[in-house]
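Worksheet for the structure shown next.
A quick note: this is a predicted structure, and the numbers were derived from the prediction, not measured. All chains are named by letter (A, B, ...) in the order of the sequence lines, taking the proteins before the strands, and each is independently numbered beginning at 1.
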There are 2 protein chains.
Amino acid sequence: MNNPPKTVISRRSRPAKEPLSKDLIVKTALELLKNEGSAGLSMRKIAKALDTGPSSLYVYVTNLQELSAYVLDYGLDKVVFPSSQDGSWKTRLFDVLNSYLTVLYESPGIAELSLTTIPIGPHSLAITEYILQRLQEGGIHSTSAAWGADLLLLYASSVAFEQSSRDQKGTTLLAISSSYQSLDAIQYPMIASLRNEMTSSDGEERFRWGLEVILHGILLKQE
Amino acid sequence: MNNPPKTVISRRSRPAKEPLSKDLIVKTALELLKNEGSAGLSMRKIAKALDTGPSSLYVYVTNLQELSAYVLDYGLDKVVFPSSQDGSWKTRLFDVLNSYLTVLYESPGIAELSLTTIPIGPHSLAITEYILQRLQEGGIHSTSAAWGADLLLLYASSVAFEQSSRDQKGTTLLAISSSYQSLDAIQYPMIASLRNEMTSSDGEERFRWGLEVILHGILLKQE
DNA sequence: ACCTGAACACCGTTCAAGT
DNA sequence: ACCTGAACACCGTTCAAGT
């Protein structure tokens, strides 16, 4: 009775006790992030989920910031790149960005990471590279392309974050609504009259609108 | 000698011991945020700066999230609104956004808050109202104006955040550079060839570029 | 009504000690 | 080389007790 058997099945993907590795840590962290939001991304919670102490993680990862970068990139694994038969450069551009958006929607935490963490992992780079190539096909070059890619990704990230933070904290949403309700129509006439347009959350249409604005704007500036 | 005179100079704004108030708390929090970045915005640090315990703050503020919203709004107090003699609607629009950007630059923490916190305070509203009015002057109405105002503010916020997070963590900047240096020109040809354009941080020009892209894009979509 | 101390349930990170 | 326990220096928030 001294050594209790370490055979437990129940838990998600841990047969007996997989050896630690950067990969396993990142994978576990991403799952926590998906399930619990950004609050789930903590060294201690990750360690607990792996049946170990927090200090063990530091063998594979320098700190939480670095781990966050890995988690973000690993989360972007699911972004889909339309192949060259899938329509015009513009369609394909919209489609990657839509895929990117969808991935961020799936877990609010990732959307937040995408705004807060500098994306330098291979998946982030692949997305940027793909966007740059589409822009080039569309005749958008050099600085316009570089800054444009950034702007497009930023826009998608923020739409996702805004959406997800609304879903997350219904309290805050109510706070917003009620604050807009009681808006002084004399002090803020435009906001008051545009209340419905600003709160409208038909994300799809709004997202498309923004992408087109940005794209057309870039194209116009180039001519 | 019972009521000590409230004329003391030495400490920033605390004579002997001012009574607590929401205003004083927010003011202190903002100062901490400016001096120490986002890490300085903690209930315990604010309490310590006010010579009291953290629990005392909860009389005036429901939680850290709410306090953060107040701090953001109070920080936006310094944004300058060009008067109607200051040029075309477009010039004035660019000028508020520039002022907004400058305020965010001054304290990295505020830039982060502006991306993370839902801005519903009076100052935030005033800025949005001002932008909506300029857009209207420029012939941009309803949904375009509502979404456009959001997009413009988002862009400014993110430029400030990106800049400030670079200033803050030189480590990360180095990490980025070196990651771009060793970029596989075969796997990421476009990124490799645009390396200089993407890293270039002449913020001024880039900021203007983005604003013009967005504005022109909106105008184009309206026609 | 306002303020406080103490406690609860958390953090990230380090480091000496074990295997 | 990898893992661990224990410790350090922090968090936000609550709550009974004081004034």
Side-chain angles (χ1 to χ4, degrees), chain A residues 2-4 6 14 16-30 32-33 35-72 109 112-113 116-117 165 168-169 171-172, chain B residues 2-3 14-30 32-33 35-72 109 112-113 116-117 165 168-169 171-172 175:
Chain A
N2 217 349
N3 287 330
K6 291 198 174 179
R14 265 176 297 135
K17 181 162 178 180
E18 276 179 74
L20 281 182
S21 69
K22 197 179 99 175
D23 224 68
L24 182 61
I25 291 171
V26 172
K27 227 177 270 187
T28 308
L30 181 59
L32 277 167
L33 186 68
N35 294 336
E36 304 182 26
S38 54
L41 198 66
S42 93
M43 296 301 250
R44 294 183 109 102
K45 281 185 182 160
I46 297 163
K48 192 170 284 177
L50 289 168
D51 270 325
T52 182
S55 48
S56 304
L57 307 179
Y58 288 85
V59 178
Y60 303 93
V61 131
T62 22
N63 54 34
L64 180 63
Q65 187 184 286
E66 192 194 287
L67 176 56
S68 300
Y70 289 135
V71 171
L72 170 62
E112 191 170 348
L113 274 187
T116 292
T117 305
S165 65
Q168 215 174 1
K169 9 184 179 176
T171 322
T172 328
Chain B
N2 217 349
N3 288 330
R14 261 178 299 138
K17 182 162 179 179
E18 275 180 74
L20 280 182
S21 69
K22 197 180 101 174
D23 224 69
L24 182 61
I25 291 171
V26 173
K27 226 177 271 187
T28 309
L30 181 58
L32 277 167
L33 186 68
N35 295 336
E36 304 181 27
S38 53
L41 197 64
S42 92
M43 296 302 248
R44 294 184 109 102
K45 279 185 184 162
I46 297 164
K48 191 170 283 178
L50 289 166
D51 269 324
T52 182
S55 48
S56 305
L57 307 180
Y58 288 85
V59 178
Y60 304 94
V61 132
T62 22
N63 53 36
L64 181 63
Q65 188 186 286
E66 191 193 288
L67 176 56
S68 299
Y70 289 135
V71 171
L72 169 61
E112 193 169 348
L113 274 187
T116 291
T117 305
S165 64
Q168 215 174 2
K169 8 184 179 176
T171 323
T172 328

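Here the P atom of nucleotide C:dC10 and the CG atom of A:Leu32 are 14 Å apart, to the nearest Å. The distance from atom CD1 of A:Ile46 to atom P of C:dC10 is 16 Å, rounded to the nearest whole Å. Remark: P of C:dC11 and OH of A:Tyr58 are 12 Å apart, rounded to the nearest angstrom. Counting to the nearest Å, the C1' atom of C:dC15 and the CG atom of A:Asn63 are 17 Å from each other. Summarising the geometry, the separation between CG on B:Leu67 and P on D:dC11 is reported as 14 Å, rounded to the nearest angstrom. The CD-C1' distance, from B:Glu36 to D:dA9, rounds to 15 Å in whole Å. Rounded to whole Å, atom C1' of C:dC2 lies 9 Å from atom CG of B:Leu20. The NZ atom of B:Lys48 sits 9 Å away from the C1' atom of D:dC10 (whole-angstrom rounding).
Among C:dC15, C:dT4, C:dC11, the nucleotide with an atom closest to any side-chain atom of B:Thr52 is C:dT4. When distances are taken from the side chain of A:Lys45 to each of C:dT4, D:dC2, C:dC11, the shortest belongs to C:dC11. Out of D:dT13, C:dG12, C:dC15, the shortest distance to the side chain of A:Ser55 is found at C:dC15. Comparing C:dG12, C:dC3, D:dT13 against the side chain of B:Met43 picks out D:dT13 as the nearest.
Distance CG/B:Leu72 to CG/B:Leu41: 10.5 Å, rounded to 0.5 Å. Interatomic distance, B:Ser42 OG to B:Leu33 CG, rounded to the nearest 0.5 Å: 11.0 Å.
For the pair B:Thr117 (side chain) and B:Leu113 (backbone), a donor-acceptor distance under 3.5 Å is present. Between the side chain of B:Thr116 and the backbone N or O of B:Glu112, at least one donor-acceptor pair lies under 3.5 Å.
Within the 4.5 Å cutoff, no side-chain heavy atoms of A:Val26 are placed close to those of A:Val61.
Between D:dA9 and C:dA9, the two P atoms lie 23 Å apart (nearest whole Å).
In a base pair of the Watson-Crick type (N1 to N3 plus N6-O4 or O6-N4) or a G-U wobble (N1-O2 and O6-N3), with each distance short of 3.5 Å, D:dA1 is matched with C:dT19. Both distances falling under 3.5 Å, in either a Watson-Crick or a G-U wobble arrangement, place D:dC8 opposite C:dG12.
If you find the closest nucleotide of DNA chain C to B:Arg44 and to A:Ser42, the one lying nearer the 5' end belongs to B:Arg44.
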